[in-house]
Asks: 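Pasting a structure below so you can have a look.
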Amino acid sequence: MARTLITVPRTAKAGEIIEIKALVQHPMETGYRRSSDGDMLPRDLIRKFTCRFVAEPIAANTSDAGEVVFSATFHAAIAANPYLSFNFRATSSGTLICVWEGDKGFAQRETANLLVA
């Protein structure tokens, strides 16, 4: 399991544009480097990040519910421990579901609640 951090304002006003920040600790090995023994290190990349917003209560393992508010596809040139920052218009209270997917079956899912007053 990777260590992640999602930063969302505690509260927002209806219609306010807020900043969402997401960080995941991952080595992001490109597959082009060699170990100290001269062997090629296997590729291990995060390939995709998706953030969805669900306005109603969600089931514990639902990752494809809600509307996509941000998504990104990563390639070998991305740095280790990728950090993302994007804006989102807060229209109602709900849950942000952030999912990272990558090589070797890597999948990390985190949620953050948003309260709109």
Side-chain angles (χ1 to χ4, degrees):
M1 180 179 285
R3 203 167 133 193
T4 60
L5 176 64
I6 300 171
T7 305
V8 178
R10 287 181 187 232
T11 61
K13 295 177 184 175
E16 181 180 4
I17 296 176
I18 60 172
E19 183 178 27
I20 311 295
K21 299 174 186 176
L23 171 75
V24 62
Q25 286 189 332
H26 192 279
M28 299 294 279
E29 186 55 59
T30 63
Y32 300 124
R33 293 185 328 126
R34 294 188 180 272
S35 69
S36 58
D37 298 332
D39 299 328
M40 292 297 286
L41 295 171
R43 183 179 71 187
D44 187 9
L45 298 173
I46 293 176
R47 294 299 193 165
K48 185 177 178 184
F49 171 80
T50 306
C51 183
R52 296 176 177 271
F53 180 74
V54 181
E56 63 273 355
I58 60 169
N61 291 324
T62 304
S63 61
D64 59 353
E67 68 174 293
V68 174
V69 296
F70 183 84
S71 68
T73 302
F74 299 129
H75 300 279
I78 197 77
N81 306 323
Y83 165 79
L84 298 163
S85 175
F86 56 95
N87 294 321
F88 171 68
R89 184 178 304 274
T91 56
S92 64
S93 297
T95 303
L96 289 161
I97 304 170
C98 297
V99 179
W100 292 264
E101 300 173 57
D103 294 337
K104 300 182 182 180
F106 176 81
Q108 182 70 29
R109 177 184 180 273
E110 292 293 329
T111 60
N113 294 321
L114 175 64
L115 178 62
V116 175

Asks: For V8 and F88, run side chain to side chain contact (heavy atoms under 4.5 Å, CB included): C-alpha distance rounded to whole Å, both residues' side-chain angles, the deciding distance at 0.1 Å, then the answer.
Replies: CA-CA 10 Å; V8 178; F88 171 68; over 6 Å; no
Asks: Only distances under 3.5 Å count here; give the side-chain donor-acceptor pairs of residues 38-48 to other protein atoms, sequence neighbours excluded, each with its distance to 0.1 Å.
Replies:
| from | atom 1 | to | atom 2 | distance (Å) |
| --- | --- | --- | --- | --- |
| R43 | NE | D103 | OD2 | 3.1 |
| R47 | NE | D103 | OD1 | 3.3 |

Asks: Nearest 0.5 Å, please: how far is CG in L5 from SG in C98?
Replies: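 Rounded to the nearest 0.5 Å, the SG-CG separation comes out at 10.5 Å.
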Asks: To the nearest 0.5 Å, what is the distance between CD1 on I20 and CG on L114?
Replies: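 The distance works out to 6.5 Å.
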Asks: Rounded to the nearest 0.5 Å, what's the gap from CD1 on I18 to OG1 on T7? Could you check?
Replies: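 The OG1 atom of T7 is 11.5 Å from CD1 of I18, to the nearest 0.5 Å.
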Asks: Quick check for you: to the nearest 0.5 Å, what is the distance between T30 atom OG1 and I78 atom CD1?
Replies: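 Taking OG1 in T30 and CD1 in I78, the distance rounds to 13.0 Å.
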Asks: Determine the minimum heavy-atom distance between A65 and V54, stating which atoms define it.
Replies: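 Smallest interatomic distance, heavy atoms only, reads O-CG2, 3.6 Å.
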Asks: Return the minimal non-hydrogen interatomic distance between A2 and V24, and the atom names on each side.
Replies: CB-CG2, 3.8 Å
Asks: Given side chain to side chain contact (heavy atoms under 4.5 Å, CB included), test L84 with F74 step by step and report yes or no.
Replies: CA-CA 11 Å; L84 298 163; F74 299 129; 3.9 Å; yes
Asks: Restricting to non-hydrogen atoms, name the atom on A55 and the atom on S92 that form the minimum distance, rounded to 0.1 Å.
Replies: CB-OG, 3.7 Å
Asks: Which pairs count as side chain to side chain donor-acceptor pair (under 3.5 Å) when at least one residue sits in residues 11-20, sequence neighbours excluded?
Replies: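 Matches after skipping sequence neighbours: E19-S85.
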Asks: Taking all atoms of both residues into account, what is the closest heavy-atom pair of A79 and M28, and its distance?
Replies: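 Taking A79 first and M28 second, the nearest heavy atoms are O-CG, 3.4 Å.
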Asks: Nearest 0.5 angstrom please: L23 CG to W100 CH2, how far?
Replies: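 Atom-to-atom, L23:CG and W100:CH2 are 8.0 Å apart.
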Asks: Out of Q25, Q108, H26, R109, which residue meets the side-chain contact (heavy atoms from CB on, under 4.5 Å) rule with T4?
Replies: Q108
Asks: For residues 68-80, which residue pairs pass the side chain to side chain donor-acceptor pair (under 3.5 Å) check, not counting sequence neighbours?
Replies: none
Asks: Should the heavy atoms of other residues, nucleotides or ligands under 6.0 Å from OH of Y83 be counted, would the total exceed 12?
Replies: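 It does: Y83 OH has more than 12 such atoms within range.
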Asks: So which atom in T91 and which in A14 form the shortest heavy-atom distance, rounded to 0.1 Å?
Replies: O-CB, 4.4 Å
